[in-house]
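Here is the structure we will look at, set down as structure tokens.
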Amino acid sequence: AFAEALRHGLPVVGFEVGAVPDTVGEGGVLVPGGDQQALQDALAQFLDDPAHFQTISARAIRQGASYPDWPDTAGTIARCLDQVMEVRDE
């Protein structure tokens with residue numbers, strides 16, 4: 001969901017856990033894992049500061065451009081399944 005939001009220029013707020021920091025990159029705000037107050041504060045900053053939102057939104061678009069969109073992903077999966085079926089039928 002993060003990648004899709006970024007592709008559409010929607011800044012995200014996520015916990016600094018797992019692959020989230022790599023996915024979000026500069027396109028959002030990361031807060032310590034499980035810190036609900038930090039999460040709330042980061043979301044409030046987007047609401048309270050339109051300039052901050054716009055700055056991170058521009059970064060989100062750049063970050064999101066590095067991820068494939070759903071039609072590309074679906075096409076790749078379909079091609080893989082076709083290849084599996086061809087091998088299976090041999």
Side-chain angles (χ1 to χ4, degrees):
F2 285 136
E4 195 68 16
L6 294 167
R7 285 186 56 76
H8 292 284
L10 183 62
V12 298
V13 177
F15 290 124
E16 292 176 325
V17 297
V20 173
D22 292 329
T23 304
V24 173
E26 297 291 318
V29 175
L30 298 171
V31 298
D35 188 338
Q36 298 295 323
Q37 186 61 52
L39 182 68
Q40 181 179 339
D41 292 345
L43 290 168
Q45 185 177 9
F46 282 132
L47 295 173
D48 295 339
D49 186 352
H52 176 66
F53 181 90
Q54 290 299 323
T55 298
I56 304 299
S57 179
R59 292 179 188 166
I61 291 169
R62 287 192 300 273
Q63 180 75 18
S66 67
Y67 299 112
D69 61 11
W70 281 113
D72 290 342
T73 301
T76 299
I77 291 170
R79 286 188 297 279
C80 288
L81 290 173
D82 286 344
Q83 291 174 356
V84 168
M85 294 306 290
E86 288 175 13
V87 169
R88 184 174 172 231
D89 290 341
E90 291 178 358

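The chain is numbered in sequence order, starting from 1. None of these values were measured; they are calculated from a predicted model.
Within the 3.5 Å criterion, the main-chain N or O of A3 finds no donor-acceptor partner in the side chain of R7. Although no hydrogens or angles enter the test, the distance criterion places a donor-acceptor pair under 3.5 Å between the side chain of Y67 and the main chain of T23.
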* Given Q45 and D41, is the side-chain hydrogen bond (donor to acceptor under 3.5 Å, both in side chains) satisfied, shown in steps? -> CA-CA 6 Å; Q45 185 177 9; D41 292 345; over 6 Å; no

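Closest non-hydrogen pair, F15 versus P32, comes out as CD2-O, 3.2 Å. I56 and P11 get closest at one heavy-atom pair: CG2-CB, 3.5 Å. Looking at every heavy atom in both residues, Q63 comes nearest to V24 through CG-O, 3.3 Å. Counting all heavy atoms, side chain and backbone alike, V12 lies closest to A5 at CG1-CB, 3.6 Å.
Hydrophobic clustering keeps L10 apart from I61 (ILVMFWY residues linked when any side-chain heavy atoms are closer than 4.5 Å, directly or through intermediates).
Using a 4.5 Å heavy-atom cutoff, the side chains of F2 and V20 are in contact.
Taking a 6.0 Å sphere around CD of E26, one finds it holds 12 or fewer heavy atoms contributed by other residues, nucleotides or ligands.
When each of V31, L30, D35 is tested with E16 by the rule side-chain contact (heavy atoms from CB on, under 4.5 Å), just one qualifies, namely L30.
Considering CZ of R79 and CG of D82, their distance stands at 9.0 Å, rounded to 0.5 Å.
Screening residues 46-60 for side chain to side chain donor-acceptor pair (under 3.5 Å), with sequence neighbours left out, gives no hits.
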